[in-house]
Amino acid sequence: MSSAVVVCTFDEGRDGVPTGAVETLALAREVADAIGTELAWLIVGPLPARAREVAGAYGADEICHANDSKLAEFKPDLCVEAASQALGSLAPKLVLFPQTFEARLIAPRVGFRLGAGIVMNALGVSADGGTVKVTASAYGGNTRAEYVLSGADTCVVGVLADMLQAEPRGQASEPRERELTVNLGEAGERIRVVEQAHFEGPRLEDAQIIVAGGMGLGSKENFRLVEELAEALGGMAGASRPAVENGFTDASRQVGLTGKITRPVLYIGAGISGASQHMVGCSAAKTIVAINTNPDAAIFRYARYGIVGDALEVLPAITKVVREAA
Ligand SMILES: Cc1cc2nc3c(=O)[nH]c(=O)nc-3n(C[C@H](O)[C@H](O)[C@H](O)COP(=O)(O)OP(=O)(O)OC[C@H]3O[C@@H](n4cnc5c(N)ncnc54)[C@H](O)[C@@H]3O)c2cc1C
């Protein structure tokens with residue numbers, strides 16, 4: 001197993017597949033092939049319902065399962081301990097974490113314990129012989145950096161999996177399965193969850209149509225215009241970070257680097273300036289429509305259709321037309 005590429009996940013995910021596992025496994029398979037090594041999927045905690053099916057479809061050679069009754073719920077300190085022990089025994093060349101919110105807490109700490117080179121916010125990973133190259137979003141999404149990881153024995157990379165596409169392999173593999181023993185006897189949990197955020201219903205990441213509003217909307221009351229158009233189009237409402245921070249809508253709606261990475265067919269951005277940190281979360285949309293009073297707003301550089309105008313007038317006008325056409 002030494003020098004293998006390992007994908008590490010620790011959530012059960014929606015639909016029995018950990019968030020970002022599919023895209024990260026597909027990427028890891030390519031890297032493992034380039035290095036000429038095996039691909040293992042390390043699952044920390046309960047086995048997700050569709051783990052075996054997904055591991056085979058995306059070419060894993062082995063599923064390594066590190067479980068303990070203390071891992072039944074996500075506990076960051078215990079997860080770091082378990083992942084570090086398991087990865088320590090696997091001694092991989094490269095560890096890829098799908099960069100979920102939780103993985104931001106886990107991956108760097110695991111990397112430190114392994115004495116590994118660490119890169120987060122990766123958009124691509126490739127290998128040339130024993131050298132791993134990572135392209136990552138840097139400076140808050142304003143630029144991309146290329147990292148060459150050649151020094152450390154092990155490299156840990158957080159992958160922005162939502163930015164990647166994944167196709168199942170033509171022929172499914174039949175991964176071996178291995179139980180790894182982790183000892184959490186001494187490990188304690190210092191992080192206390194005060195209140196668990198629960199977001200129900202469809203996910204913004206899966207929406208085909210998103211109408212998003214920014215600070216140009218001016219208030220929570222006006223943000224209703226965004227929600228009404230989204231509703232009329234059968235889509236979902238999204239928002240910029242300041243719009244969320246100012247209470248226009250809840251955090252599950254935030255699009256961007258520190259929010260959701262979306263890939264809809266249609267993205268309508270109203271009263272959004274088009275900062276790079278926001279556009280990271282929607283620039284993969286097939287069609288972007290921008291509504292902004294400022295003709296020089298950056299979002300127009302990304303938009304296929306631009307409307308220079310007041311969102312408070314333009315949004316209800318479009319909603320009216322859509323409703324009449326329905
Ligand atoms: C590390 C880091 C991470 C970040 N992550 C994110 C992220 O995940 N998501 C995110 O969105 N931001 C993120 N940001 C913040 C980002 O840099 C921008 O500040 C933010 O996206 C701007 O939000 P906005 O466009 O709503 O507001 P503003 O920049 O204030 O823009 C408002 C826009 O509305 C227009 N406008 C004003 N009135 C009207 C009107 N009546 N009708 C139409 N248009 C009007 C203005 O011309 C302007 O273009 C991050 C920043 C950092 C540093």
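Keep in mind that the numbers below use all heavy atoms, side chains included, and drop hydrogens, waters and symmetry copies. Read the numbers this way: they start at 1 and go in the same order the structure lists the ligands and their atoms.
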Top protein contact for atom 45 (C) of ligand 1, by heavy-atom distance: Thr293 OG1, 3.3 Å
Numbered atoms of ligand 1 (with element) below 4.0 Å of Ala275, judged on heavy atoms: 16 (C), 17 (O), 18 (C), 21 (O)
Ligand 1 N/O within reach of Ala297 N/O, cut-off under 3.5 Å: no
Heavy-atom nearest neighbour in the protein, as seen from atom 35 (C) of ligand 1, with distance rounded to 0.1 Å: Asn292 OD1, 3.3 Å
Nearest protein heavy atom with distance in Å, relative to atom 40 (C) of ligand 1: Gly216 O, 3.5 Å
Glu228 versus Thr319, side-chain donor and acceptor atoms under 3.5 Å: no
For ligand 1, the portion of Pro242 having any non-hydrogen atom under 4.0 Å away: side chain
Options Ala311, Ala270, Ala212, ranked by nearest heavy atom to atom 43 (C) of ligand 1, top entry: Ala311
Ligand 1 N/O within reach of Gly274 N/O, cut-off under 3.5 Å: no
Heteroatom distance test (Gly214, ligand 1): nitrogen or oxygen, under 3.5 angstrom: no
Main-chain N/O of Gly185 paired to Asn183 side chain as donor or acceptor, under 3.5 Å: yes
Chi angles and distances behind the side-chain hydrogen bond (donor to acceptor under 3.5 Å, both in side chains) call for Gln85, Ser89: CA-CA 6 Å; Gln85 286 183 23; Ser89 69; over 6 Å; no
Check: Ser137/Arg144 side-chain N/O donor and acceptor closer than 3.5 Å: no
Side chain, backbone, both or neither: Val280 near ligand 1, heavy atoms under 4.0 Å: neither
For Asn294, atoms of ligand 1 separated by under 4.0 Å from a heavy atom: 47 (O)
CD (Glu324) with more than 12 external heavy atoms under 6.0 Å: yes
Any donor-acceptor pair under 3.5 Å from Asn246 side chain to Pro242 backbone: yes
Glu177 bridged to Arg52 by N-O distance under 4.0 Å: yes
Nearest non-hydrogen protein atom, atom 1 (C) of ligand 1: Gly140 CA, 4.0 Å
From Arg241, Met215, Lys260 - option closest to atom 3 (C) of ligand 1 by heavy atom: Arg241
Option set Gly269, Gly271, Gly281, criterion heavy-atom distance to atom 34 (O) of ligand 1, minimum: Gly271
Ligand 1 atoms in contact with Gln254 (distance to a heavy atom under 4.0 Å): 7 (C), 8 (O), 9 (N)
Leu312 N/O to ligand 1 N/O under 3.5 Å: no
Shortest protein heavy-atom distance from atom 28 (P) of ligand 1, along with the residue and atom involved: Ser273 OG, 3.9 Å
Residues Ser273 and Asn292: side-chain donor-acceptor under 3.5 angstrom: no
Atoms in ligand 1 with a heavy atom of Gly259 nearer than 4.0 Å: 8 (O)
Lys93/Asp153 ion pair, N-O < 4.0 Å: no
Structural part of Ser240 in contact with ligand 1, heavy atom criterion under 4.0 angstrom: both
Heavy-atom neighbours of Lys70 NZ exceed 12 at 6.0 Å: yes
Those atoms of ligand 1 less than 4.0 Å from some heavy atom in Gly309: 42 (N), 43 (C)
Parallel, tilted or perpendicular: ring planes of Phe223 versus Phe248, cut at 30 and 60 degrees: tilted
Any Ser276 heavy atom less than 4.0 Å to ligand 1: no
Under 3.5 Å donor-acceptor, Glu189 side chain and Leu78 backbone: yes
Name of the residue among Asn121, Thr19, Asp162 meeting side chain to side chain donor-acceptor pair (under 3.5 Å) with Gln99: Asn121
Ligand 1 atoms in contact with Leu257 (distance to a heavy atom under 4.0 Å): 7 (C), 8 (O)
For Val255, atoms of ligand 1 separated by under 4.0 Å from a heavy atom: 7 (C), 8 (O), 9 (N), 10 (C), 11 (O)
Option whose closest heavy atom lies nearest to atom 8 (O) of ligand 1, chosen from Thr258, Asp296, Ile261, Asp310: Thr258
Any N/O pair Ala243/ligand 1 closer than 3.5 Å: no
Taking atom 51 (C) of ligand 1 as the reference point, the nearest protein heavy atom with its distance: Gln277 CG, 3.6 Å
Residues Glu146 and Lys133 bridged, charged N to O under 4.0 Å: no
Candidate list Arg113, Arg190, Lys75, test salt bridge (Lys or Arg N to Asp or Glu O under 4.0 Å), partner Glu81, passing option: Arg113
